[in-house]
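Data first, discussion second: the structure below is written as structure tokens.
Reckoned from all heavy atoms, side chains included, excluding hydrogens, waters and symmetry mates. Since this is a predicted model, take the numbers as computed values, not measurements.
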Amino acid sequence: MNILIVGAGAIGSFYGSALARQGARVSVVVRSDYELVGREGYTISSALLGDHRFRPHQVYREPAACHEAQEIVLLTTKVLPDVDRVSLLRTVVGPRTVIGLIQNGLDVEKEIAAAFPDNEILSGLAFIAAARNAPGRIHHYSYGSLTLGRYPHGESPTARKLAAMFEASKVKCMVTNNVVTARWRKAVWNAPFNPISILGGALDTQQILSSPEAEAFVRRAMQEVCDAAAANGHPLSPEVIDDMIASTRAMPAYKTSMALDYENGRPLEIEPILGAVIRAARAAGVDTPALESIYAIVKMIEAKRA
């Protein structure tokens with residue numbers, strides 16, 4: 001199986017190494033670390049997969065440099081206004097290529113599905129704390145599970161094949177027939193925690209839950225996401241908020257992906273993670289005062305940084 005990972009940073013290289021262990025020929029497109037990764041591969045520190053070196057089959061600076069037919073192309077870039085995801089995929093997607101999106105946010109699939117209407121689209125949700133600490137060096141802190149599903153819904157033999165490969169590498173992978181609902185469920189955590197983490201200057205997860213008042217505010221914001229999900233046809237379990245708060249408290253304190261981007265002066269995924277939830281809520285007539293307040297302040301922070 002030929003698999004190409006476009007935008008192979010912390011997330012892409014971690015999952016790519018898991019697939020390579022099961023015999024897949026995993027190639028990567030990587031820009032900033034191109035020379036080092038091409039020469040030495042990735043050094044990955046992980047309690048789950050063990051500390052190891054991942055050497056991709058091929059390393060490319062641009063997707064257009066790849067001329068091998070790919071069975072699966074996994075896009076693991078950030079979802080940002082200045083990232084043309086369709087152009088990144090155009091030269092490497094053939095008539096039978098399955099496109100996988102392991103990306104944050106809500107409604108990230110629509111643009112890709114419109115551009116490639118004849119290709120199967122897999123949507124992937126990564127539940128992982130991992131970061132690129134130095135060029136070519138990835139630290140996997142905790143979690144690591146994936147949820148995969150065909151977009152917008154339905155069965156996918158390719159998703160099941162990938163899930164079996166991940167499971168064989170000790171990466172938990174669930175296949176769902178309703179991946180849009182799964183994205184809403186992840187938004188219950190992502191939409192509050194990621195932007196709140198930059199309001200206090202890169203707060204970690206335990207600092208965000210550091211007082212009863214703080215936890216109560218987070219819970220209000222999470223409930224607003226649940227209300228928006230239900231109004232859009234994706235009702236979630238009543239226990240989802242309690243379960244997510246409990247699991248966040250149980251894991252070691254860590255900084256969200258947005259907090260790390262903020263600290264390192266990188267662009268922030270505000271729109272797919274939070275803006276999309278608020279727009280869906282507005283369209284359904286759901287009030288989201290806590291989320292709206294968070295959104296207004298992070299947009300101020302974004303404007304100041306710009």
Side-chain angles (χ1 to χ4, degrees), residues 1-29 56 63 66 68-79 83 85-128 130 143-169 171-187 190 234 269 272-273 276:
M1 182 188 290
N2 279 356
I3 300 174
L4 178 68
I5 299 177
V6 179
I11 304 301
S13 60
F14 176 83
Y15 290 122
S17 72
L19 293 171
R21 289 184 172 198
Q22 302 310 312
R25 298 208 310 174
V26 180
S27 299
V28 301
V29 176
C66 175
E68 288 187 275
Q70 301 297 321
E71 185 174 344
I72 299 171
V73 174
L74 297 178
L75 185 63
T76 59
T77 62
K78 300 282 186 181
V79 181
V83 176
R85 297 184 298 150
V86 172
S87 292
L88 287 175
L89 294 171
R90 186 70 71 187
T91 61
V92 292
V93 172
R96 298 182 180 179
T97 305
V98 175
I99 303 170
L101 307 176
I102 303 179
Q103 297 183 305
N104 270 328
L106 208 60
D107 287 340
V108 300
E109 307 94 348
K110 286 183 178 179
E111 177 188 28
I112 306 303
F116 302 95
D118 298 325
N119 293 86
E120 179 180 352
I121 308 294
L122 290 183
S123 188
L125 296 88
F127 300 87
I128 185 172
Y143 286 107
S145 65
L146 271 172
T147 296
L148 291 175
R150 184 170 190 151
Y151 177 83
H153 52 75
E155 287 282 342
S156 171
T158 303
R160 296 199 178 278
K161 183 188 295 186
L162 284 173
M165 295 172 71
F166 281 122
E167 291 280 353
S169 289
V171 174
K172 293 182 66 175
C173 187
M174 183 184 80
V175 177
T176 177
N177 290 343
N178 197 337
V179 75
V180 177
T181 298
R183 279 204 175 269
W184 271 106
R185 188 181 190 280
K186 186 176 182 184
N190 260 3
H234 301 280
E269 291 183 293
I273 290 177

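Side-chain polar atoms of Ser156 and Glu120 form a donor-acceptor pair below 3.5 angstrom.
Contact annotation: the side chain of Gln70 approaches that of Asn2 to within less than 4.5 Å [non-hydrogen atoms, C-beta and beyond]. In this structure, the side chains of Gln103 and Glu109 stay at 4.5 Å or more apart for every pair of heavy atoms. The shortest distance between side-chain heavy atoms of Leu122 and Leu162 falls below 4.5 Å. Looking at Lys186 and Thr147, their side chains never come closer than 4.5 Å, going by heavy atoms from C-beta outward. A heavy-atom distance below 4.5 Å is found between the side chains of Phe116 and Leu89.
A distance of 10.0 Å separates CG of Asn177 from NE2 of His153, quoted to the nearest 0.5 Å.
A distance-only check finds a donor-acceptor pair linking the side chain of Ser17 to the backbone of Phe14 [under 3.5 Å]. Between the side chain of Thr76 and the main chain of Gly7, a donor-acceptor pair closer than 3.5 Å is present.
Ring geometry for His234 versus Trp184: interplanar angle under 30°, hence parallel rather than tilted (30 to 60°).
The heavy-atom pair separating Val92 from Cys66 by the smallest distance is CG1-CB, 4.2 Å.
Here Glu167 pairs with nothing under the side chain to side chain donor-acceptor pair (under 3.5 Å) rule; sequence neighbours left out.
Between Thr77 and the options Val29, Val83, Ile102, Leu101, a side chain to side chain contact (heavy atoms under 4.5 Å, CB included) holds for only Val83.
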